[in-house]
Amino acid sequence: HTHTHTHSFSRSFFSQNAVEDLEMNKDELVRVIAQALCDLGYRDIAADLEKASGEAVDKPVVQRLRTAVMDADWDTAEQLINQVETREPDGREAMLFALFEQKVLELVEAGDRRSAVACLREKLSPLHHHSARLKKLTSAVIKKDASYGQDHLQWRGAGAAARASLCRELCALISTSLTVPPERLQVLLRQALLQQRKGCLYHNVARDTYGLLEDHKCSKNGVPRQVLRVLRGHIDEVWYVRYSHDGTFLASASKDKTVIIWDAVSFCSLHVLRGHTDAVSYLAWSPDDTKLLTCGGDADRQLMLWNVSTGGPIHVFQKHTEGVTACAWTPDGKRVISGSTDRTIHLWDSSSGECLHTWQPVRVTDMAVTSDGSKLVVVCHEKKIRVYDLTSFHEDLIQKEQSAITSLVFSRSNQQVLVNLANQELHEWDIHTKTLVHKYTQHKQSRFALRSCYGGCNDVFVVSGSEDNYVYIWHRETEVLLEKLEGHTSIVNCVCWHPTNPSRFVSASDDHTLRVWGVDGEESDQDAGEKSDKEPLSNGRGWQETV
């Protein structure tokens with residue numbers, strides 16, 4: 001009875017109607033399954049499937065090619081390559097190049113330099129393919145050193161494993177009518193699983209553990225939705241907040257003219273930085289987290305550098321004639337950059353304080369440096385996203401928006417930037433293709449400067465504060481609004497996701513507080529009496545005020 005039931009199930013699954021419903025070719029399906037069985041070590045079962053179906057993973061010509069390669073029968077392999085149909089126009093040249101490269105390096109390893117040179121001249125050079133690799137191969141022949149090929153060409157040697165790898169490389173270039181591309185079922189499964197992850201709105205785990213028997217779906221409990229701690233230290237509106245790169249510290253900037261450095265684990269206040277004579281609207285951690293840059297407002301006009309360990313000032317950069325609105329470090333920590341409402345951007349030597357270069361006229365609202373230190377990206381009052389080359393100082397325009405831009409943040413890949421607009425939208429731009437990738441809505445922003453961020457594992461979320469006192473979280477890929485978090489009692493100006501903990505972020509508000517958010521189940525230790533006695537009137541540096 002059990003055998004009959006299993007047979008019936010198998011027959012219904014692989015019925016012609018089922019295959020047609022899935023819009024797949026039955027013969028291709030059989031070939032893919034047979035290949036997977038071979039890959040899993042079930043070669044006898046794969047052979048039975050091929051015999052019963054009349055479909056083979058490899059057509060005879062490919063089987064003979066595999067045999068020739070494994071036997072180092074290079075002449076036969078060359079003849080067979082010239083007979084097969086390839087997937088790409090230059091596929092034959094690529095196959096012959098890979099074949100003869102293996103032959104040359106095996107000859108060098110065997111000490112037969114004369115034959116290696118002959119193959120190089122008579123077989124490889126006439127192909128006019130992969131010139132850079134050909135130069136390295138020539139060097140290996142001249143040096144009479146096959147290990148040079150291992151070091152510079154990732155050559156695997158002359159053994160069976162290396163030749164099997166070459167077979168896979170060749171088969172990947174052959175038409176699918178003759179062979180199944182290597183590990184095809186694994187590739188298809190990986191694509192399906194990645195697509196499921198892409199569509200999983202609450203996916204926020206560092207390591208993926210997928211099952212094949214059920215569709216992937218994460219619980220919303222993996223998204224930070226509850227307040228773990230309310231940080232009270234400022235006596236006025238908090239405009240900016242950033243974690244240190246290692247997540248050990250937290251720094252907040254306020255209208256009260258101070259910056260507070262917090263322990264991001266104990267949430268204790270470590271230092272209160274006093275020195276600015278006006279509101280502090282922006283800050284930036286040095287690459288090694290030992291120093292902190294802070295930006296003073298219109299009555300201050302200073303960019304200050306602080307020692308994080310002692311809380312003492314190191315240097316004051318003075319050249320701007322109006323409030324300093326944004327700052328950044330180059331990845332090597334040797335240079336810092338500042339922008340201002342005075343329509344200038346200054347590039348400074350971080351040690352000497354010397355001004356190395358000035359760009360103008362551009363009224364900066366936010367800035368960021370690419371991870372390789374080559375480019376500075378800024379958003380400005382002219383509703384533009386600009387890119388500056390930090391070597392040539394050349395300027396390029398990515399895009400002009402239709403509304404005022406108040407903030408800018410890079411994705412982890414440095415491929416995209418996320419900007420807040422005063423028309424109640426967030427836009428994600430690809431800075432290389434200069435195209436709008438995503439648009440996020442439903443939060444409130446029309447009067448003040450709000451700063452958003454990416455969040456979660458692999459930047460799967462987009463987060464922003466709002467003028468309606470909420471924190472908004474969207475799924476980055478689908479643009480779906482996931483959460484509207486309540487807690488603050490006034491405008492939420494800035495959010496920052498923890499750099500190493502994908503389940504934590506912090507928000508800064510006009511209600512004078514910071515709120516640390518975590519996932520359900522984490523220990524919460526909120527302060528009592530969260531609501532301010534007096535509701536703040538504004539967050540000071542509204543985008544209209546920077547005009």
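Since we're looking at a predicted model, the values are computed, not measured.
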Is a side-chain N or O of [X] found less than 3.5 angstrom from the main chain of [Y], in a donor-acceptor match?
{"X": "S244", "Y": "F249", "answer": "yes"}
{"X": "T489", "Y": "D511", "answer": "no"}
{"X": "T325", "Y": "V364", "answer": "yes"}
{"X": "Q445", "Y": "A422", "answer": "no"}
{"X": "Y440", "Y": "R476", "answer": "yes"}
{"X": "D510", "Y": "S490", "answer": "no"}
{"X": "T321", "Y": "D342", "answer": "no"}
{"X": "H498", "Y": "G247", "answer": "yes"}
{"X": "T370", "Y": "K375", "answer": "yes"}
{"X": "N469", "Y": "H488", "answer": "no"}

Would you tell me whether [X] and [Y] have side-chain atoms, one donor and one acceptor, within less than 3.5 Å of each other?
{"X": "D389", "Y": "H394", "result": "no"}
{"X": "N221", "Y": "Y202", "result": "no"}
{"X": "D459", "Y": "S411", "result": "no"}
{"X": "E428", "Y": "Y454", "result": "yes"}
{"X": "S403", "Y": "E425", "result": "no"}

Test side chain to side chain contact (heavy atoms under 4.5 Å, CB included) applied to Q402 and N423, step by step: CA-CA 9 Å; Q402 299 302 310; N423 66 350; 5.5 Å; no

Q399 and L436: CA distance, side-chain angles, deciding distance, side chain to side chain contact (heavy atoms under 4.5 Å, CB included) verdict: CA-CA 9 Å; Q399 189 54 258; L436 180 63; over 6 Å; no

Residue pair N420, S464: steps toward the side chain to side chain donor-acceptor pair (under 3.5 Å) verdict: CA-CA 8 Å; N420 276 73; S464 179; 3.3 Å; yes

Parallel, tilted or perpendicular: ring planes of H234 versus W262, cut at 30 and 60 degrees: perpendicular

So how far is it from [X] [atom1] to [Y] [atom2], rounded to the nearest 0.5 Å?
{"X": "L303", "Y": "I337", "atom1": "CG", "atom2": "CD1", "value": "11.0 Å"}
{"X": "W285", "Y": "W329", "atom1": "CH2", "atom2": "CH2", "value": "11.5 Å"}
{"X": "K444", "Y": "L450", "atom1": "NZ", "atom2": "CG", "value": "12.5 Å"}
{"X": "E322", "Y": "R363", "atom1": "CD", "atom2": "CZ", "value": "6.0 Å"}
{"X": "L273", "Y": "S254", "atom1": "CG", "atom2": "OG", "value": "12.0 Å"}
{"X": "N458", "Y": "H203", "atom1": "CG", "atom2": "NE2", "value": "7.5 Å"}

All ring pair (Phe, Tyr, Trp, His ring centres under 6.0 Å) counterparts of H357, not counting sequence neighbours: W359, F393

Which heavy atom of [X] sits nearest to which heavy atom of [Y], and what is that distance?
{"X": "I385", "Y": "V379", "value": "CG1-CG1, 4.0 Å"}
{"X": "R242", "Y": "L283", "value": "CB-CD1, 3.8 Å"}
{"X": "V241", "Y": "A508", "value": "CG1-CB, 3.9 Å"}
{"X": "D366", "Y": "T406", "value": "CB-O, 4.4 Å"}
{"X": "M367", "Y": "S338", "value": "CE-C, 3.7 Å"}
{"X": "T365", "Y": "C380", "value": "OG1-N, 4.0 Å"}

Do [Y] and [X] meet the salt-bridge criterion of a basic N to acidic O distance under 4.0 Å?
{"X": "K257", "Y": "D278", "value": "no"}
{"X": "R343", "Y": "E382", "value": "yes"}
{"X": "R133", "Y": "E101", "value": "yes"}

Between [X] and [Y], is any pair of side-chain heavy atoms under 4.5 Å apart?
{"X": "E483", "Y": "K220", "value": "yes"}
{"X": "S446", "Y": "E467", "value": "yes"}
{"X": "W239", "Y": "R451", "value": "no"}
{"X": "L250", "Y": "L231", "value": "yes"}
{"X": "S503", "Y": "N204", "value": "yes"}
{"X": "S452", "Y": "Y472", "value": "no"}
{"X": "V516", "Y": "L514", "value": "no"}
{"X": "T391", "Y": "S374", "value": "no"}

NZ/K334: more than 12 non-hydrogen atoms of other groups inside 6.0 Å: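 No - once you tally the heavy atoms of other residues, nucleotides and ligands closer than 6.0 Å, there are 12 at most.
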
E395, CD atom: more than 12 neighbouring heavy atoms under 6.0 Å: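 More than 12 within 6.0 Å, yes.
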
Side chain to side chain contact (heavy atoms under 4.5 Å, CB included) between W517 and V495, intermediate numbers included: CA-CA 10 Å; W517 302 81; V495 290; over 6 Å; no

W474 ring center near H443 ring center (under 6.0 Å): yes

Residue from K319, H320, Q318 passing side chain to side chain donor-acceptor pair (under 3.5 Å) with Q302: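 That would be Q318; it is the only one of K319, H320, Q318 passing the side chain to side chain donor-acceptor pair (under 3.5 Å) with Q302.
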
Residue pair L292, H271: steps toward the side chain to side chain contact (heavy atoms under 4.5 Å, CB included) verdict: CA-CA 12 Å; L292 192 68; H271 301 290; over 6 Å; no

Side chain to side chain contact (heavy atoms under 4.5 Å, CB included) partner of L188, the single match among Q186, Q191, R190: Q191

